[in-house]
Amino acid sequence: MPGGAVARVLVDSPLPQLDQLFDYAVPERLRERVRPGVRVRVPLRTGGRIADGWLVELADTSEYGGTLSELEDVVSEVPMLVPEVWALARAVADRAAGNASDILRLAIPSRYVRVERSWLASPGEPGPPPEAPPPVHGAPAGRVEAGVDGGERMTLTADPRPLRLPTGEWVGAWAVALAQAAAHALHRDRSALLVVPDYRDQEQLEAALRALVDSRRVLRTDARQTGGDRYRAFLDATRDDARIIVGNRSTVYAPAARLGLIAIWDDGDPLLSEPLAPGVHPRDAALVRQEQSGAALLFMAHTRSVEVERLVGIGWVQAIEPAAQVRPKVVLTEQQASPEPGSARIPSSAWRQAQEAVREGPVLVQVARPGNAPLLTCDRCRETAHCAACGGTLVVPRAGGDPRCVLCGTSASGWRCPVCDGTRLRAATVGASRTAEELGRAFPRSLVILSDGERPVLRVGAEPALVVATRGAEPIADGGYRAVLLLDGERMLLRESLRVAEDCLRWWSNASALAAPGAPVFLVGVGGALATALSTWRQPEWAATELAARRALRFPPAVRVASVTAGHAAVTRAVDAVRGIDGVDVLGPAPTGEEDEGLQRAIVRFDYGAGARVARELRAEMIRVATERRRPVAGRPVRRPPVLRVRFDDPDVP
DNA sequence: AGCACGCCGACT
DNA sequence: GTCGGCGTGCTC
């Protein structure tokens with residue numbers, strides 16, 4: 001056969017048994033258009049349907065015994081799947097017993113023909129090479145730069161202050177530091193990937209980058225762009241120019257010329273958790289990519305995640321000491337009645353200082369998330385409405401319709417207020433807006449600004465204002481807040497989750513980092529080790545303690561976990577296949593919470609060293625179940641037996 | 001998933 | 001002797 005006559009193709013399919021390369025003959029008519037990395041269409045199952053796929057490589061001969069089918073078509077001649085990303089997708093999928101094509105769906109945006117055509121005519125210009133940037137802020141001089149040059153794995157606790165950019169904009173100092181690290185890589189003609197949890201972080205980072213490098217060198221990949229813009233940025237990223245690519249969790253898979261740095265801001269933020277199969281966290285993908293590429297890796301945050309602490313503990317990641325011991329002035333206060341009306345949640349000392357501070361500039365009040373369902377109150381007296389049958393909270397179902405009880409489901413039609421005898425209900429969002437109302441009454445002359453998940457405010461000015469925000473939605477204030485009140489700590493800690501403490505410390509720390517230097521930060525009603533960790537600004541030590549506790553319980557991230565869900569027989573067989581491996585233990589199987597016809601779930605816990613084998617064995621079981629499944633009855637309803645579902649490193653387990 | 005192949009019962 | 005049922009297995 002002539003050279004390059006065989007195309008090795010990854011078919012786009014969620015089926016585990018198709019997650020391998022298939023060989024196709026390249027017909028003469030396509031010989032000029034095939035290149036590794038292009039999107040192709042291939043026949044699957046002789047004369048059957050046509051499937052999409054990625055041409056991974058060209059070869060001269062095939063190992064396959066049978067006769068090869070011919071490649072059907074080349075969809076686009078742009079090689080979108082670069083070899084480095086293919087190797088990454090394969091490794092990351094194998095590690096999580098998932099399909100490489102699922103990873104590629106995250107990694108590669110969908111195609112826009114018009115955009116592609118205009119891009120082929122005039123691709124994005126990278127602009128002039130950048131000058132040397134100033135030293136990375138918050139680290140010992142030259143330390144991060146040396147790490148970037150040497151391909152090191154690093155973590156750095158960020159300077160917890162807002163900084164003013166030359167453009168006049170205020171951003172967190174972390175954004176300046178990350179931008180400088182990326183600019184340094186660019187200065188060395190290396191690309192940098194900057195991964196952030198949400199667009200608010202992204203805005204700050206982009207602002208910081210604008211002050212340092214030519215904007216043509218910066219590409220964005222995030223969900224707020226139009227599909228066409230995202231595709232164009234992606235196409236530019238496949239070019240041979242060093243760039244800085246900044247965006248959400250899928251940015252970790254972006255193509256990048258001569259990758260020099262992968263950086264993740266606030267890796268503990270749950271927004272970075274990947275909901276799409278196989279659910280690989282960008283932190284793990286970054287670790288794999290770092291090893292494959294030799295690029296540097298930088299985890300930066302105000303709060304060290306327990307996962308990064310583990311990596312520091314085993315010496316895989318170097319903890320860089322911050323250049324200066326800067327920390328917010330955190331004051332721990334007990335909850336106590338305040339003499340002021342409508343301010344029962346605020347202790348009097350904090351109250352007085354907040355009142356003084358709000359004359360000077362913005363004051364931040366952080367409250368717990370209200371939850372998506374609006375709470376109901378009596379329309380007449382504003383008393384919170386409760387279920388007449390069981391006393392549970394009443395909510396409007398998300399799908400709409402009559403209000404009902406969250407606990408017993410009783411409809412609240414015919415509700416009557418026990419206080420004032422009113423009969424009408426009114427929606428009120430609990431938390432932010434209620435607090436805003438109360439504070440508005442208590443600070444009658446102040447401007448009250450509300451920022452929550454639904455109506456987030458990105459930034460506020462330096463003028464006096466009371467800014468009430470749910471955790472995670474705090475605006476950045478020009479010059480920093482004159483005081484910060486962390487009001488709902490106790491309530492935030494009530495959430496049922498293995499990670500509440502970690503999450504709370506992160507929310508409090510991130511809000512504290514918005515305070516002006518020297519401004520007081522009041523943590524209300526919380527004591528103990530967690531409060532001490534915040535007030536002493538020693539989050540890494542707290543993470544170490546937490547990791548030790550999880551190690552004692554054999555909880556992640558001290559070990560890895562995989563959940564295995566299917567019918568009893570299939571689960572039992574699957575876990576039996578891994579039970580004997582060294583460093584593996586199995587919890588369950590037990591019925592899943594819902595009464596899904598006999599679904600069972602088992603949790604496999606395993607040491608990191610056993611991960612590859614566990615994934616391989618469970619993957620083999622998935623393929624076995626998928627290929628041997630039969631239609632149960634010759635009846636019309638073609639009901640397939642429950643598939644074997646395997647999920648690695650699920651953040652909700654245990 | 002889909003679809004072809006193949007090994008047994010009722011048919012021309 | 002052959003048509004077609006659906007159980008079985010594979011996809012280059």
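First the proteins, then the strands, lettered A, B, ... as listed; each starts at 1.
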field: Interatomic distance where CD1 belongs to I623(A) and C1' belongs to dC10(C) [whole Å]
entry: 13 Å

field: Protein-nucleotide distance (E57(A), atom CD; dC12(C), atom P), rounded to Å
entry: 18 Å

message: I need the CG-C1' distance between L55(A) and dC12(C), as an integer number of Å.
response: 13 Å

statement: From the list D267(A), T155(A), D266(A), side chain to side chain donor-acceptor pair (under 3.5 Å) partner of S305(A) resolves to D267(A)

field: Atom-to-atom span, CG of L15(A) to C1' of dC3(B) - whole angstrom
entry: 13 Å

query: In whole angstroms, how far is the P atom of dC3(B) from the CG atom of L18(A)?
result: 14 Å

- prompt: Is a donor on one side and an acceptor on the other found under 3.5 Å between the side chain of Q290(A) and the backbone of I262(A)?
  reply: no

- prompt: Is the backbone N or O of G472(A) less than 3.5 Å from a side-chain atom of R200(A), with the two atoms forming a donor-acceptor pair by type?
  reply: yes

- prompt: For Y64(A) and dC12(C), is the gap between ring centres under 5.5 Å while the planes differ by less than 30°?
  reply: yes

message: I'd like to know whether the aromatic ring centres of F606(A) and F648(A) sit less than 6.0 Å apart in this structure.
response: yes

message: In whole Å, I'd like the distance from the CG atom of D23(A) to the C1' atom of dC12(C).
response: 6 Å

statement: When rounded to whole Å, the CZ to C1' distance for the pair R49(A) and dC12(C) reads 13 Å

- request: Find the distance Q20(A):CD to dC10(C):P and express it as a whole number of Å.
  value: 12 Å

